[in-house]
There are 2 protein chains.
Amino acid sequence: MTNIHDIARLSGYSVSTVSRVLNHHNYVSAETRQAIEQVVKKLDYAPNAVARDLSRGKTFNVGVVLPHADHPYFTQLVQGIMRAAFAANYHVVLLPSKWDAQLEQKYLETLRQHAYDALIFTSHGLPLATLAKYQRYGRIVICENPHDSGLPATYAERVATYRTAFAHLKKLGHTHIGVLNSRDLAASATTQATVAAYEDVFQAPLPAKYCYTGVNTLTDGQTAGGYFVARFPEVTAVMTNGDDIALGFRRAYLAAQRPLPYLIGQEHQPSGEALKLPTIDHHFDLVGVRAFQLAIGETATNVAIPSEFLLN
Amino acid sequence: MTNIHDIARLSGYSVSTVSRVLNHHNYVSAETRQAIEQVVKKLDYAPNAVARDLSRGKTFNVGVVLPHADHPYFTQLVQGIMRAAFAANYHVVLLPSKWDAQLEQKYLETLRQHAYDALIFTSHGLPLATLAKYQRYGRIVICENPHDSGLPATYAERVATYRTAFAHLKKLGHTHIGVLNSRDLAASATTQATVAAYEDVFQAPLPAKYCYTGVNTLTDGQTAGGYFVARFPEVTAVMTNGDDIALGFRRAYLAAQRPLPYLIGQEHQPSGEALKLPTIDHHFDLVGVRAFQLAIGETATNVAIPSEFLLN
DNA sequence: GTGAAAGCGCTAACAC
DNA sequence: GTGTTAGCGCTTTCAC
């Protein structure tokens, strides 16, 4: 493995001059530069990126903690993050978590070990307070309302849009409405937002039995559909947490040959268009872009990105 | 910034002993271990990951070069790669390329600079010969048939399945068939596979005007639909390169109020199910898993993963 | 069991 | 313009 000293020795110059040539720094005479570049080429030399990072005390890496790689929420978010990271010459490292607290803790530790300049949590199992503690080791950005955690955050402003969606259902005359969510009320800000919007519009609590959680994939949607079709014929509309999930939900009703409830999707996916489902676009790619900007400290203010209710 | 020397000094032991404790190496007496761990805790010390990488000459990072982050081909592939990488304690760094040769070259250089232990090209603009040259700097895996490039490779075995799909169209009596692809015949092995399968089944060349390329997104699909609907009423079936794309294609015909051709999708996406489209599942997640295994040298043999024609 | 010291390969402050 | 040198923080061989 040839290194900068070899180049210095063979070119007859010092390592610092070689370094200058390599980094296009300062003043180096044209001849010196040429001489050095020639040796570099001859030895097929390339500077070591890790050594460089170490010396500079910076990695230009941001870690992105994400529960699943296949959910549209994360896909869109990652896309936005990548776009912004690319523009700023940063690299994106994907850190799968499945909302596992131990894993998340491990990732926090790697931040502490300076493996990344910053960490973006697209979602999290750990309490915000725990994340907040690790801020001293590097920037930590979350993709939800930070409340009083003091963490830099961007997120889709969902409640208003959920309200619009429920108002739409109310106007259509639906009174028994199912709600699907990814995680428990206690664990998830999104679930809380959905329920809050429901209660706001209907001025009544959402019956617990109509609030179904643990839904992440199309298949989960189908399972949820099975739950509702077998139990609640009175439910005539369902607020799902994804167009694909709505598709899965629908499967169960088709299989049972029961009339399909009115479904609202989310994420504005192709499947939603195919089924002509009303949907909600949370503009997660924009959230991703802002999250990255927060991560490298380009922006200081937290931003809520408004989401949008769409009739397909 | 506290470092291993601080711990050594304050604990009264040497750096090597501290290092041993940190890495659970060799023999360290229980008391020594305790004493050191106490200091570590007291100083809130964490070893620096970059320094460690440098010292070890290994990063446990694999770079994944991908043209787009939003195409299902790449999403699925990345998911497989991540699953396998996670299991092996490696990290996945996403490198967006847009098939830009200069960018790809830059990524090859970063491999040379030891920023990654290996590079996986999910697709590429550069010639395989160029990629092959960089093998001396680290492992390079491609996700297509390597032919005589000598590169480690996994890929979906597509031709047989494309043949099945075209045979299906032939049996249904279609004689004028459109074909959508992502990239030009010259640039893309996939496009070549599609065309080869067509010609195999129909024993005639695919008319160039029916071979439409540059299609990557749902919107591109719609544009393609516009192209066909305006020009080729005789085309009664189209082999698209994605279920979502088929959905876009369909839009153009709906807008023009013309009868829809028989569409075949790909990627086995929810939108395809919603439209009851026949589709092809290439099992890209499996391809991803194998690609990663090749990247870290767990497996030496190239593998073609069979794909599957599905009637939804 | 523990320690000294030589790397790993580069950057950058400072001197000339 | 160019060189010297002290880091950056850790691992690992070798000696005791």
Side-chain angles (χ1 to χ4, degrees), chain A residues 1-40 43-61 109-117 137-138, chain B residues 1-40 43-61 109-117 137-138:
Chain A
M1 179 78 333
T2 130
N3 66 23
I4 199 172
H5 289 102
D6 298 332
I7 307 297
R9 193 161 21 78
L10 266 85
S11 66
Y13 289 91
S14 72
V15 284
S16 48
T17 302
V18 175
S19 177
R20 285 191 194 99
V21 170
L22 258 27
N23 296 289
H24 313 286
H25 266 179
N26 300 340
Y27 310 91
V28 181
S29 76
E31 348 166 28
T32 306
R33 144 156 286 116
Q34 281 223 320
I36 291 179
E37 277 172 347
Q38 202 159 340
V39 178
V40 165
L43 295 203
D44 190 30
Y45 165 74
N48 182 300
V50 180
R52 195 176 254 178
D53 283 349
L54 174 61
S55 193
R56 285 203 276 239
K58 204 167 172 358
T59 64
F60 287 93
N61 280 152
E109 286 297 325
T110 64
L111 177 67
R112 190 158 155 243
Q113 294 170 157
H114 298 280
Y116 312 109
D117 293 348
Y137 306 116
Chain B
M1 181 76 336
T2 131
N3 66 23
I4 199 172
H5 289 103
D6 299 331
I7 306 299
R9 195 161 18 81
L10 266 85
S11 66
Y13 290 91
S14 72
V15 284
S16 45
T17 303
V18 174
S19 178
R20 285 190 195 100
V21 170
L22 258 26
N23 297 290
H24 312 285
H25 265 182
N26 301 340
Y27 309 91
V28 181
S29 76
E31 348 168 28
T32 306
R33 145 156 288 117
Q34 282 223 322
I36 291 179
E37 277 172 348
Q38 203 159 341
V39 178
V40 165
L43 294 202
D44 190 30
Y45 165 75
N48 181 299
V50 181
R52 194 175 256 180
D53 283 349
L54 174 60
S55 194
R56 286 204 275 238
K58 203 165 172 359
T59 64
F60 286 93
N61 278 152
E109 286 298 324
T110 64
L111 176 67
R112 188 156 157 244
Q113 294 170 149
H114 298 280
Y116 311 109
D117 293 349
Y137 305 116

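Just so it is clear: chains get the letters A, B, ... in the order the sequence lines come, proteins before strands, and each one is counted from 1. Treat the numbers as computed from the prediction; the structure is a model and nothing was measured.
- Side-chain contact between L22(A) and V18(A) is present, with heavy atoms from C-beta onward closer than 4.5 Å.
- Contact record, P47(A) with R52(A): CG-NH2, 3.7 Å, taken as the closest heavy-atom pair.
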(Q) Does Y13(A) form a side-chain contact (heavy atoms from CB on, under 4.5 Å) with T32(A)? I'd like the steps, not just the answer. (A) CA-CA 8 Å; Y13(A) 289 91; T32(A) 306; 3.3 Å; yes

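- One can place CG of D53(A) at 21 Å from P of dG7(D), the figure rounded to the nearest angstrom.
- We find that CD of E31(A) is positioned 11 Å from C1' of dG1(D), with the value rounded to whole Å.
- In this structure, H24(A) atom NE2 and dT11(C) atom C1' are separated by 15 Å, rounded to whole Å.
- Going from atom CG of L54(A) over to atom P of dG7(C) covers 18 Å, rounded to whole Å.
- Atoms NE2 and CG, on H114(A) and D53(A) in that order, are 13.0 Å from each other to the nearest 0.5 Å.
- For the helix from dG1(C)-dC16(D) to dC16(C)-dG1(D), the angle separating the two terminal helix axes comes to 30°, with each axis derived from five pairs and the value rounded to 10°.
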(Q) Across nucleotides 10-16 of chain D, 5' to 3', mark each nucleotide with B, S or - according to how protein heavy atoms within less than 4.0 Å reach it. (A) BBB----

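- Of all non-hydrogen atoms in N48(A) and V50(A), the two that sit nearest each other are OD1-N, 2.7 Å.
- No more than 12 heavy-atom neighbours from other residues, nucleotides or ligands sit within 6.0 angstrom of CD on Q38(A).
- Without hydrogens or angle criteria, D6(A) side chain to R9(A) main chain gives no donor-acceptor distance under 3.5 Å.
- Other residues, nucleotides and ligands contribute at most 12 non-hydrogen atoms within 6.0 Å of the CD atom of Q34(A).
- L43(B) has its CG atom 14 Å from the P atom of dG9(D), to the nearest Å.
- Between R33(B) atom CZ and dT2(C) atom P the separation is 10 Å, expressed in whole Å.
- Rounding to whole angstrom units, OH of residue Y13(A) and P of dT4(D) are separated by 13 Å.
- The nearest whole Å value for the distance from the CD1 atom in I7(A) to the P atom in dG3(D) is 14 Å.
- Among the candidates I4(B), I7(B), I36(B), the single residue satisfying the side chain to side chain contact (heavy atoms under 4.5 Å, CB included) test with S19(B) is I4(B).
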